[in-house]
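Inspection log for the structure reproduced underneath, given as structure tokens.
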Protein chains: 2
Amino acid sequence: MPRLVATDIAAELRKRISAGEWTDIGRIPPERDLAEAFGVARNTVRRAVNLLEVDGTVVRQVGRGTFLADPDPNSLASVVARMEGTSPADMMEIRQLLEPAAASFAATNASNSELNAVREAHQTACDSADMPTFEHWDAEFHHRIFACSRNDFLKEIHNLMRILRNQSPWFEMKKRSFSEERRQTYCREHQAIVDALIERNPDGAKQAMLAHLQTVQRNLLGR
Amino acid sequence: MPRLVATDIAAELRKRISAGEWTDIGRIPPERDLAEAFGVARNTVRRAVNLLEVDGTVVRQVGRGTFLADPDPNSLASVVARMEGTSPADMMEIRQLLEPAAASFAATNASNSELNAVREAHQTACDSADMPTFEHWDAEFHHRIFACSRNDFLKEIHNLMRILRNQSPWFEMKKRSFSEERRQTYCREHQAIVDALIERNPDGAKQAMLAHLQTVQRNLLGR
DNA sequence: TATGAATGGTGCAAAATTGGATCAAATAAA
DNA sequence: TTTATTTGATCCAATTTTGCACCATTCATA
């Protein structure tokens with residue numbers, strides 16, 4: 001068993017804090033007590049608490065103690081946490097904003113080899129024999145379009161949406177809503193997108209992507 | 001029973017790593033511990049770990065330990081970390097995608113009291129005597145438009161962008177680029193946005209916002 | 001008001017931990 | 001036998017942990 005070190009103690013403290021161990025008193029025990037409790041030197045505890053302090057988990061005051069920080073609603077962590085509660089409808093609305101734009105950028109900016117990668121993902125999805133394989137290459141198709149939009153931030157927003165969707169309970173709806181017929185519809189629509197990209201037609205790509213996402217939305221949300 | 005050799009141990013370590021045995025602590029035990037655990041000499045463990053190191057499974061640091069490399073690039077944390085490196089140009093491109101849409105949504109969805117809050121922020125910004133106050137209410141103006149777009153996810157993306165901008169080194173550019181003349185330009189453009197919102201004119205609000213962001217982009221990036 | 005206990009802040013030198021490297025002897029495989 | 005691998009041992013270098021002393025601030029209490 002590896003020895004307890006500063007980073008481990010920081011992780012343990014983080015765990016206990018988020019478990020609400022000291023929420024009632026609003027503070028964590030003195031460093032000297034923690035050191036004794038963990039069976040390490042006080043300096044080690046100090047380094048661990050430093051880690052909690054820099055990321056704003058905790059605030060220290062000389063002579064008073066170490067206090068649990070009020071969660072900052074404007075911190076990255078809080079924003080991401082709130083995003084995790086996004087509804088399918090809100091998510092689809094933003095997808096319909098961003099993905100057509102990404103397709104449009106891609107038609108303008110993509111290299112030929114990037115376009116080939118997009119087409120390849122589309123082709124593999126169409127050829128796939130089972131649903132999990134199709135879904136994987138479907139996701140890859142969309143991802144590769146973002147990848148050649150040449151806007152890294154846009155690409156990362158898409159990654160963010162993908163992660164949020166994957167960990168959302170309502171994502172299961174998608175799987176239930178799947179059928180062979182819909183798969184073929186998606187393939188046709190993907191083909192239209194690929195065609196527009198290869199024609200280097202930004203507006204065509206945008207429209208094709210929008211049409212596809214509207215189909216997805218109908219299938220997913222039923223309207 | 002065949003003797004445990006370096007390649008066997010490497011395979012076993014690989015198996016345990018991909019099974020997530022040490023994912024939580026982010027590192028594997030010290031070589032000396034592994035040697036003891038596998039009942040083998042430390043040199044053998046070293047050769048095994050060498051194999052994991054050359055293919056990038058693991059990274060070693062003298063005096064610290066052996067750490068799991070390749071943190072999941074599809075984790076929320078990785079995505080956010082990559083977003084922190086967003087360039088001003090990419091960021092502005094996405095703002096020009098999202099904020100006009102938010103303004104359009106707001107024209108349709110906002111309640112009257114929400115619109116009043118937007119107008120209030122605009123008015124306070126115009127009346128502000130010093131630059132920091134103006135900048136605060138300028139940001140608040142944009143934020144309140146997102147707030148009444150009625151899409152929580154869109155609102156949070158805006159929060160995300162705001163945080164990323166505030167912590168970016170290039171954000172200082174904005175402050176350097178400020179002048180009284182530009183402030184007045186921004187006030188006029190904000191006024192146009194407010195007018196369109198109050199007229200409940202989605203397309204007008206979208207266009208006014210786009211025009212404003214293009215001014216901002218010119219001032220920020222000089223084109 | 002004055003005092004003392006409790007608490008975080010800082011610095012430092014010694015000890016412990018950990019990966020890096022080498023070598024000769026023992027063992028297995030060809 | 002020849003060759004390759006494992007073993008056990010030793011030392012080195014980077015890093016962390018430890019133990020200690022002392023300082024500064026806060027707060028309760030005399």
Side-chain angles (χ1 to χ4, degrees), chain A residues 1-18 21-72, chain B residues 1-18 20-71:
Chain A
M1 188 181 95
R3 198 173 50 134
L4 280 183
V5 292
T7 52
D8 302 318
I9 291 178
E12 174 68 18
L13 287 175
R14 243 185 268 275
K15 202 177 77 183
R16 295 201 195 170
I17 287 172
S18 65
E21 177 156 348
W22 299 295
T23 316
D24 48 344
I25 53 177
R27 59 187 289 177
I28 69 178
E31 294 173 354
R32 288 169 174 89
D33 291 2
L34 287 175
E36 191 182 6
F38 282 114
V40 297
R42 183 182 156 215
N43 294 27
T44 307
V45 168
R46 280 190 57 72
R47 257 191 305 281
V49 177
N50 284 342
L51 297 175
L52 302 194
E53 191 183 22
V54 295
D55 68 22
T57 307
V58 118
V59 173
R60 296 206 268 210
Q61 277 178 266
V62 182
R64 301 220 314 134
T66 303
F67 300 86
L68 301 178
D70 303 328
D72 176 8
Chain B
M1 188 178 98
R3 195 172 57 137
L4 282 183
V5 294
T7 52
D8 301 323
I9 291 178
E12 173 68 17
L13 287 175
R14 245 184 268 276
K15 200 178 79 182
R16 295 202 196 170
I17 287 172
S18 64
E21 177 156 349
W22 300 295
T23 329
D24 50 343
I25 55 177
R27 67 159 182 234
I28 68 177
E31 293 173 354
R32 288 169 174 89
D33 290 3
L34 286 175
E36 190 182 6
F38 282 115
V40 98
R42 183 181 157 217
N43 288 6
T44 308
V45 168
R46 279 189 59 72
R47 225 161 306 127
V49 177
N50 284 342
L51 297 174
L52 303 194
E53 192 183 22
V54 294
D55 69 22
T57 307
V58 117
V59 172
R60 295 205 268 208
Q61 273 179 271
V62 183
R64 296 205 340 121
T66 303
F67 300 85
L68 301 178
D70 199 16

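Everything numeric here is computed off the predicted structure, so don't read it as measured data. Chain letters run A, B, ... following the sequence lines, proteins first and then strands; every chain starts at 1.
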[X] versus [Y]: any side-chain heavy-atom pair under 4.5 Å?
X	Y	answer
A:Trp22	A:Leu13	yes
B:Arg27	A:Asp8	yes
A:Leu68	A:Ile28	yes

- Gap between atom CG of A:Asp55 and atom CZ of A:Arg14 - 0.5 Å precision: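 It is 4.5 Å, given to the nearest 0.5 Å.
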Could you tell me the separation between the [atom1] atom of [X] and the [atom2] atom of [N], rounded to a whole number of Å?
X	N	atom1	atom2	value
A:Arg46	D:dA24	CZ	C1'	12 Å
B:Leu34	D:dT7	CG	C1'	17 Å
A:Glu36	D:dC20	CD	P	14 Å
A:Arg42	D:dT18	CZ	P	14 Å
A:Asp33	C:dA6	CG	P	10 Å
A:Glu31	D:dA24	CD	P	18 Å
B:Ile25	C:dT18	CD1	P	12 Å
B:Phe67	D:dA14	CZ	C1'	12 Å

Presence of [X] side-chain N/O under 4.0 Å of [N] phosphate oxygens OP1/OP2:
X	N	answer
A:Thr66	C:dT7	no
A:Arg64	C:dG8	no
B:Thr44	D:dT6	no

- Message: Return whichever of B:Asn43 or B:Gln61 has its heavy-atom-nearest nucleotide of DNA chain C closer to the 5' end.
- Response: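 Comparing both residues, the 5'-ward one is B:Gln61.
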- Message: Side chain of B:Arg47, heavy atoms from C-beta onward: which of D:dT17, D:dT6, C:dG19 has the nearest atom to it?
- Response: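 Given the options D:dT17, D:dT6, C:dG19, the side chain of B:Arg47 is closest to D:dT6.
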- Task: Salt-bridge test for B:Arg32 and B:Glu36: reply yes if a basic N is under 4.0 Å from a carboxylate O, no otherwise.
- Result: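 The answer is no: the pair does not qualify as a salt bridge.
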- Task: Find which nucleotide of DNA chain D each of A:Ala41 and B:Ala41 is nearest to by heavy atoms, and output the residue with the more 5' nucleotide.
- Result: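 Result: B:Ala41.
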- Is there a donor N/O on one and an acceptor N/O on the other, under 3.5 Å, for the side chain of A:Arg32 and the base of C:dG8?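 For A:Arg32, whose side chain was compared with the base of C:dG8, there is a donor-acceptor pair (under 3.5 Å).
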